[in-house]
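Chain A is the first sequence line, chain B the second, and so forth, proteins listed ahead of strands; every chain is numbered from 1.
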2 protein chains.
Amino acid sequence: MLNTPMSEIRSTSATARNVSAAVARQGKLWSNLSEVCDLLRIPASLGAFQDDFQFQHMQFKSGQRVHTIGQPFDMLYIVYSGFLKTVIIDESGNEQVLGFPMKGDLFGIDGIHGKQYSTEAVALSNCEIILVPFKAFLAIGRANAELEAAIYGVMSRELVREQSLIGTLGSLSAEARVARFLVSLSERFSDMGYSGKQFNLRMTRQEIGNYLGLTLETVSRTFSAFNAVGLISVDQRAIVLHDIQALRTLRRLPPSHARAKAEAAKALKLAAANKEAQAAAGAEVQAAV
Amino acid sequence: MLNTPMSEIRSTSATARNVSAAVARQGKLWSNLSEVCDLLRIPASLGAFQDDFQFQHMQFKSGQRVHTIGQPFDMLYIVYSGFLKTVIIDESGNEQVLGFPMKGDLFGIDGIHGKQYSTEAVALSNCEIILVPFKAFLAIGRANAELEAAIYGVMSRELVREQSLIGTLGSLSAEARVARFLVSLSERFSDMGYSGKQFNLRMTRQEIGNYLGLTLETVSRTFSAFNAVGLISVDQRAIVLHDIQALRTLRRLPPSHARAKAEAAKALKLAAANKEAQAAAGAEVQAAV
DNA sequence: CGGTAATTTGAATCTTTTCAAGTTGAGTGG
DNA sequence: CCACTCAACTTGAAAAGATTCAAATTACCG
């Protein structure tokens, strides 16, 4: 089930298709300022008239690193296409996933302070990345005051995103973390023009668990539990969200013995009654405390 | 024990004392740009010659809010003196502490994106805060290119600080979290010119626990355990760090039954032998995995 | 000096992790 | 094209770690 590749769901514009074709041929491309602003979700009007700035693209194969920890900082990066993860590595070599940058996301900001990157960005798929030399980045702000305010806004957005992750790690159960992770992915896919209801995960259970402060087994079990109560369908990397609102506010699933009772009740009845039991199990999902 | 008030440990400069006196009289004061740069740890040379910018101070009593969630954004804030906490509040009213701003820290950045604050800043003691209108903040950057780069650096620093918190929440045991929290406080106090070895906590166990993703009981127990093995001394809010390096790299304390055995051994012997057992328990602290 | 908030500590419980084993799936070479 | 292999994933059972609930003690504010 659910093996539809992402590319078939994608709502590709004519421009995007031409661009992809071009990339496939030359593996290289440039973006102008207004395209970059558009990607970063900065009101287009601000950067529309500036064509002095051109930004080079660069291709990365799955597994390649865009930048590594300790590497001298001189670039910011914007995802043009593909999926990545950013990680920090502590003194004993343990990774901590900080985020999963995708189309329109800016990364590398951590390098400004300290003049070297404190994180590592790894491509999870083949990626096309826009290179933004920090010097150019500064020059843009100087050239246009409104744009500069918008740039601060983009950095602030990153900060808020991280704060939200802190909130997730600091106070939610495993189930709530996984649920919100799925909702957050859903929203980002929607923004990108993909389906927010069904999509393929681009990262492993290990990476998800690491990101959420859980083990891969807990992530797997939680997916299975959500699947069992009908909140989602999972098959490996393929996900379908059946009740986004429930996922959004979920705090805990009913304890498994209660679910087992529900299962038992379901088993006693037959086909027709079956559906009602399913619905009941779904309704039993707890929301706020 | 350890009731020395912070003010006695403080190494107060002549300027700072005059300033404090002035504040006590008028409850109001202005800072110029070079003073602000100094506070933010921006190389002094950059802002030294600019006297066009003046920033107003404002007093907050313990418990007062500097800004609240949803409030329209138009200011950034720099701590001149005192201690605060910043929190987010989720849809069901639960707080999550994000940080404890103190002297020299910039906060309010989260408000830039979205034009309203997404966090709340609460004074934990009487505070003096420098108000930096965002317009002025932008103007500073425009007036001086080098300064602008430094400003981005300060924002980047905040981002890195949050990433480090994410790493802590995502992968460390309760004991390691508390240990690193103490080390981090120690370093900040040192930077401020206070003692990094002994200090008073400005926040409750509840607030520490919330910040670290733990319950207040776990924090209290962990303090007690560190105290028992001689890593620190605790008495209410008063803390003495006896082995900062051990705290920095600590992953787990030996299981309590092992410590109990050590205690038993200690009980059998007497005064002189006592000290050796203590040392042994200290040495037993595990570091890397 | 009384009253409330903060802290400590114990015991039981619950969640998540750890360890272990088996399954599935994609890619590779014969 | 199929067997083989490795990584990813799933699931179970036991163990560990942290939380919850409860009670007692200690500070601190007015």
Side-chain angles (χ1 to χ4, degrees), chain A residues 1-3 5 62-63 94 124-125 169-178 200-210 212-228 232-239 250-260 286 289, chain B residues 1-3 5 61-63 94 124-126 168-179 200-210 212-228 232-239 250-260 286 289:
Chain A
M1 61 155 73
L2 289 177
N3 287 326
S62 182
N94 301 320
L124 297 179
S125 67
L169 293 174
S171 68
L172 297 183
S173 69
E175 284 153 355
R177 293 184 201 189
V178 173
N200 289 335
L201 299 173
R202 294 325 208 295
M203 60 298 280
T204 66
R205 304 287 190 265
Q206 170 80 70
E207 285 159 343
I208 296 170
N210 188 308
L212 296 175
L214 303 170
T215 59
L216 67 97
E217 293 96 331
T218 300
V219 174
S220 175
R221 271 186 253 273
T222 306
F223 280 160
S224 298
F226 287 173
N227 188 72
I232 68 174
S233 298
V234 206
D235 180 44
Q236 300 289 124
R237 301 286 181 96
I239 300 280
L250 179 141
R251 304 235 133 203
R252 297 223 177 269
L253 243 27
S256 62
H257 63 82
R259 290 211 304 279
Q286 296 170 354
V289 168
Chain B
M1 65 155 71
L2 290 177
N3 285 326
K61 296 222 180 79
S62 180
N94 301 321
L124 296 180
S125 67
N126 291 347
T168 298
L169 293 173
S171 67
L172 297 183
S173 69
E175 284 154 356
R177 293 184 202 189
V178 172
N200 289 334
L201 298 172
R202 294 327 208 295
M203 60 296 281
T204 65
R205 304 287 191 265
Q206 169 79 71
E207 284 159 343
I208 297 169
N210 186 309
L212 296 175
L214 302 170
T215 59
L216 67 98
E217 291 97 332
T218 299
V219 174
S220 175
R221 271 186 253 272
T222 306
F223 280 160
S224 298
F226 286 173
N227 187 73
I232 68 174
S233 298
V234 207
D235 180 44
Q236 299 290 124
R237 302 283 181 100
I239 301 279
L250 179 143
R251 305 234 132 205
R252 296 218 179 274
L253 243 26
S256 61
H257 63 81
R259 290 210 305 279
Q286 295 170 356
V289 167

Looking at B/Ile208 and B/Val219, what are the two nearest heavy atoms and their distance? CG2-CG1, 4.0 Å

Please find the pair of heavy atoms, one from A/Arg177 and one from A/Leu169, that lie closest to each other, and give the distance. NH2-O, 3.1 Å

Could you give the CG-to-P distance, from A/Asn227 to D/dC9, as a whole number of Å? 15 Å

Round to the nearest Å and state the distance from B/Leu216 atom CG to C/dT9 atom C1'. 12 Å

Using a cutoff of under 3.5 Å, can you pull out all pairs of nitrogen or oxygen atoms linking the protein to nucleotides 17-19 of chain C, with atom names and distances?
residue	atom	partner	partner atom	Å
C/dT17	OP2	A/Thr215	N	3.4
C/dT17	OP2	A/Thr215	OG1	3.3
C/dT17	OP2	A/Thr218	OG1	2.4
C/dT18	O4	A/Arg221	NH2	2.7
C/dC19	N4	A/Glu217	OE2	3.2

With a cut-off of less than 4.0 Å, is there a side-chain N or O of A/Ser220 near OP1 or OP2 of D/dA8? no

Whole angstrom is fine here: how far is it from CG in A/Asn200 over to P in D/dA8? 16 Å

Across nucleotides 24-30 of chain D, 5' to 3', mark each nucleotide with B, S or - according to how protein heavy atoms within less than 4.0 Å reach it. ---S---

I need the CG-P distance between A/Leu169 and C/dT16, as an integer number of Å. 13 Å

Rounded to 10°, the helix from C/dC1-D/dG30 to C/dG30-D/dC1 deviates from straight, judged by its five-pair end axes, by 50°

Shortest non-hydrogen separation from A/Gln236 to A/Arg205 and the atoms involved: O-NH2, 2.8 Å

For the residue pair B/Glu175 and B/Leu253, what are the closest heavy atoms and their distance? OE1-N, 2.9 Å

Grab the two heavy atoms, one from A/Leu214 and one from A/Ala174, that are nearest each other, plus how far apart they are. CD2-CB, 3.8 Å

Nearest-angstrom distance from the residue atom CZ of A/Arg177 to C1' of C/dT15: 11 Å

What's the CG-C1' distance between A/Leu124 and D/dA8, to the nearest Å? 14 Å

Closer than 4.0 Å, any side-chain N/O of A/Ser224 to the OP1 or OP2 of D/dT11? yes

Check the distance between C/dA6's C1' and B/Asn210's CG and give it to me in whole angstrom. 16 Å

Rounded to whole Å, how long is the line connecting atom CD1 of B/Ile239 with atom C1' of C/dT8? 14 Å

